[in-house]
Amino acid sequence: MTLLETIPSLQPAIPPRLSPAIWPRGTEYDSEGRITVGGVALTEIADRFGTPAHVLDEAEVRASCRAYRKIFPDARVYYAGKALMIRAVVDWVSSEGLSIDVCSGGELAVALSAGVDARRLILHGAGRSCEELAAAVRCGAGRIVLDSLTDIALLAASAQRPQPVLLRLSPGIDVHGHPAVRTGVLDQKFGFPLGSDMAAEAVRRVLARPDLELVGLHCHLGSQIHDPDHYGEAVRRLVGEMAWIRREHGQLLTELDLGGGHAVAYRPGEAELNLVELAEIIDDALDAACARHRFPRPAIAMEPGRAIVARAGVTVYRVMSVKRIDGGTTLVTVDGGMNDNLRVALYGARYEPVVANRRPHGPWTTATVVGRYCEAGDILAREVRLPADLHPGDVLAVPCTGAYHHSLSTSYNCVGRPPLVAVRDGCPRELVRRETIADLLVRDVGR
Ligand SMILES: *Cc1c(COP(=O)(O)O)cnc(C)c1O
């Protein structure tokens, strides 16, 4: 039992700790009690760029990339752009030695306009159009992942020289996540079920095309995966499949892309995927599977998205009202919500907002933070600990919002999407400006 638990009266006096597990490293309270990220007070960003605003710490993104390069020196690490696809991030991660994973013509265009060498791009995705595949071929994308038999036909129509491709297989591994992110099981929309007739047919068709060069297999098991053993199992199953393809067709595949899904912590005390353990498990699984099938070790690729950018992001809101409902909850309404953080409604994600304009010392209350949008489900954080004197005008910050927040944002209720502001060495700079009412009207072309 800790001292705090023994003497509960001490508890209210303890200010929240800005845990480095969920905040960008270097986040701290300044002498005025304001939270600073990358040397910039979050209230300064709120005042200058308005709220809500997404804040992104460049050093944190770069540090995550370096950790991957160090732990997986021999793997090709693709940043999964769908987590946050903007030119600045593409530029930072590629300058740190990562390649880029894109899933649409739009993401491809962003990556190219950031100046990425097309050979370092991989295009994956379901339901891509002929134009999107053709654009990837035209720019010389290093790898294209085939997701369906239709893909094979569409891609063959535009390929001129042999296009290196990977086949996406679903290896039948259930990571027990939210149903929306279990993509490794056999019965879901992505890829070819491993061991199925359809997968065998896909291999046959790709190998029959001189304009497609099958170089390897791909899988993506899901999101927020904590247990590295799932990746070891994927290695064993996919190396088995590669050995089968060699036996059946005499074709030696040399690449194995294990997708992304590496878990991060969203709240203090939550676990993240241990990358050092992951590296060991992948290595051991490769050793065992390659020995068993007498198969040459394939090159490993991986596609982390969330794990690169999630912790670098913080969203700042202004408190608009505080309602203390008699005998019930305290409801704190902020000026953002589901439009900038869809993950709560989509996955039941949990967050821990903290007040950012002053360092609170208690007493505390339990409150539910809700958004401004016209949906009862527009809730940012249920039953969290906040200062009892929280009032309109206070600034709330929600950490770990760098991945799948800006990229999933909407303009529901005709409220423009928030800006994205980078911080580095004490300087803020706008990377994406706020969507204005004029922006919204411009697209509304009918009359
Ligand atoms: C979404 C996705 C990723 C990235 O997932 P994270 O959870 O952000 O790491 C990687 N590869 C593919 C194919 C994906 O669909």
Side-chain angles (χ1 to χ4, degrees), residues 61 64-65 67-68 71-72 75-86 89-90 93 98-104 107-108 111 121-128 132 136 141-148 151 165-171 173 175-185 188-192 216-228 230-231 234 238 255-266 270-275 278 282 300-313 342-343 346-347 349 400-408:
V61 173
S64 306
C65 296
Y68 271 92
I71 298 171
F72 303 97
R76 174 159 285 217
V77 182
Y78 292 96
Y79 164 61
K82 73 179 200 262
L84 176 58
M85 195 58 183
I86 58 169
V89 171
V90 171
V93 304
L98 269 54
S99 300
I100 312 285
D101 168 17
V102 296
C103 69
S104 69
E107 287 193 353
L108 178 68
L121 294 176
I122 189 168
L123 174 73
H124 80 274
R128 291 158 301 183
E132 288 176 301
R143 300 286 178 269
I144 297 179
V145 183
L146 299 170
D147 196 77
S148 68
D151 274 354
V165 296
L166 305 174
L167 268 192
R168 176 163 177 175
L169 298 178
S170 43
I173 295 171
V175 297
H176 299 291
H178 187 280
V181 297
R182 283 166 60 207
T183 53
V185 293
Q188 48 81 43
K189 75 172 183 178
F190 295 104
F192 302 93
L217 298 180
H218 175 284
C219 68
H220 174 67
L221 305 178
S223 283
Q224 272 300 82
I225 299 172
H226 290 92
D227 182 354
H230 292 307
Y231 293 94
L238 291 178
E255 294 179 22
L256 180 49
D257 186 330
L258 297 170
H262 306 168
V264 302
Y266 283 96
E270 285 180 2
E272 59 186 29
L273 179 69
N274 183 323
L275 296 181
L278 176 65
I282 290 175
I300 292 292
M302 57 186 66
E303 304 166 346
R306 178 188 325 265
I308 301 290
V309 288
R311 187 171 36 198
L342 204 52
R343 294 190 67 259
L346 205 51
Y347 311 121
C400 218
T401 54
Y404 304 105
H405 288 78
H406 181 79
S407 61
L408 278 174

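Just so you know, these numbers use all the heavy atoms, side chains as well, and skip hydrogens, waters and symmetry mates. Both ligands and their constituent atoms are indexed starting at 1 by order of listing.
- Residues F190 and H218 place their aromatic rings such that the two centres sit no closer than 6.0 Å.
- Checking H124 against D147 by side-chain atom types alone, no donor-acceptor pair falls below 3.5 Å.
- Listed for the H226 side chain is a donor-acceptor partner under 3.5 Å among the backbone atoms of A271.
- Side-chain atoms of H405 come within 3.5 Å of backbone N or O of A403 as a donor-acceptor pair.
- For the pair R143 and Y78, the cation does not sit on the ring face, since its NZ or CZ is not both under 6.0 Å from the ring centre and inside 45° of the axis.
- With Y266 as the partner, the side chain to side chain donor-acceptor pair (under 3.5 Å) test is satisfied by one option alone out of R311, Q224, R306: R306.
- Sorted by chain and number, the heavy-atom contacts of ligand 1 below 4.0 Å come from A80, K82, D101, H124, R168, H218, H220, S223, G260, G261, H262, E303, P304, G305, R306, Y404.
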